[in-house]
Asks: 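Sending over a structure as structure tokens; questions will come in a sec.
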Amino acid sequence: MSVTPPAGAATPYGTLPPASPPSQRKPLSLPRLADMHARGEKITMLTAYDATFAAMADAAGVECILVGDSVGMVCQGLHSTVGVTLETMRHHTECVFRGLHRVQGTAWLVADLPFGSYQTSREQALQSATVLMQAGAHMVKLEGGGWTTDTVRFLVERGIPVCAHLGLTPQTVHALGGYRVQGKGEAAAAVLREQALALQDAGAAMLVLEMVPATLAAELTDALQHCATIGIGAGRGTAGQVLVLHDMLGMNLGRMPKFVRNFMQDAGGIAQAMAAYVRAVKDGSFPDDRLHAW
Ligand code: KIV
């Protein structure tokens with residue numbers, strides 16, 4: 001089965017609409033992502049957990065594919081990401097890598113370090129990150145601020161690109177008391193500000209901001225010149241956007257977060273839904289800040 005359809009071609013998934021202009025279909029890299037960030041071009045990120053969806057997202061023009069530990073909830077039926085193991089992340093990273101490799105994909109592959117795989121020590125984080133990099137990841141993502149700064153610096157100094165993750169950090173959902181908006185109020189916002197700047201200083205090239213007030217996310221985005229913010233439920237002012245694949249396809253088994261748009265609703269198929277997501281992020285029509293109460 002081939003999943004490398006040229007734009008406009010009929011595919012088993014429907015007719016693929018034009019994705020990014022051909023000039024942009026070079027392999028993504030840290031310098032290219034930094035250049036997009038500097039030019040103000042929105043960066044698109046989508047989760048994928050297997051070869052086929054990864055190849056389709058790549059063909060649709062998604063720049064960054066995140067093998068998220070959301071795999072636990074989406075594919076394994078877990079109640080949270082806490083139960084996801086490093087072996088699970090290795091396996092899915094390898095599947096996604098193979099899918100991209102098979103179609104000569106250009107996407108930047110980010111893989112989540114799961115709960116318990118980086119908290120003990122910087123050395124533990126390096127070992128875990130090595131497993132994911134050897135499975136094909138270009139960058140690892142880890143959650144939290146403050147104590148993670150040292151770990152991020154340690155990994156970056158050893159040649160491992162890092163994406164940080166602040167705001168709602170699902171691995172600590174029990175400590176946070178649920179899937180709640182973070183950074184509300186001046187004191188909480190000040191902590192996030194300080195942590196974000198420290199993570200940039202430590203060398204994090206990207207920062208996922210999950211469920212934080214849109215004004216705070218926009219402010220952090222302006223403050224971080226060398227670290228691209230990727231928002232999810234954080235308004236439209238971030239440097240890029242990420243969604244969980246199954247959410248944006250309307251396939252959520254539980255409650256759909258209200259910041260999610262179902263891109264399948266008006267699409268002829270999955271390829272079109274992905275392409276519509278890319279277009280909407282690029283032209284700023286997604287997300288719609290009116291959908292945020294925070
Ligand atoms: O695991 C995941 O899918 C994530 C995104 C929600 C950013 O971390």
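We count ligands from 1, going down the list as the structure has it; atoms in each ligand are counted the same way.
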Asks: Assess whether a salt bridge exists between Arg279 and Asp283, defined as any Lys/Arg side-chain N lying under 4.0 Å from an Asp/Glu carboxylate O.
Replies: no
Asks: Assess, by modelled atom type and distance only, whether the side chains of Thr169 and Thr172 contain a donor and an acceptor separated by less than 3.5 Å.
Replies: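 Yes, a side-chain donor-acceptor pair sits under 3.5 Å.
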Asks: Between Glu63 and Lys42, is there a salt bridge with N-O shorter than 4.0 Å?
Replies: no
Asks: Would you confirm whether the ring centroid of His91 sits within less than 6.0 angstrom of the ring centroid of Tyr49?
Replies: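 Ring centres of His91 and Tyr49 not closer than 6.0 Å.
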Asks: Between ligand 1 and the protein, find all N/O pairs closer than 3.5 Å and give the distance for each.
Replies:
residue: ligand 1; atom: 1 (O); partner: Asp69; partner atom: N; Å: 3.2
residue: ligand 1; atom: 1 (O); partner: Asp69; partner atom: OD1; Å: 3.0
residue: ligand 1; atom: 1 (O); partner: Ser70; partner atom: N; Å: 3.0
residue: ligand 1; atom: 1 (O); partner: Ser70; partner atom: OG; Å: 3.3
residue: ligand 1; atom: 1 (O); partner: Asp112; partner atom: OD2; Å: 3.1
residue: ligand 1; atom: 3 (O); partner: Ser70; partner atom: OG; Å: 2.5
residue: ligand 1; atom: 8 (O); partner: Lys141; partner atom: NZ; Å: 2.8

Asks: Are a donor atom and an acceptor atom from the side chains of Thr221 and Thr229 found within less than 3.5 Å of each other?
Replies: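 Yes, a side-chain donor-acceptor pair sits under 3.5 Å.
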Asks: State the NE2-CG distance between His165 and Leu207, to the nearest 0.5 angstrom.
Replies: 8.5 Å
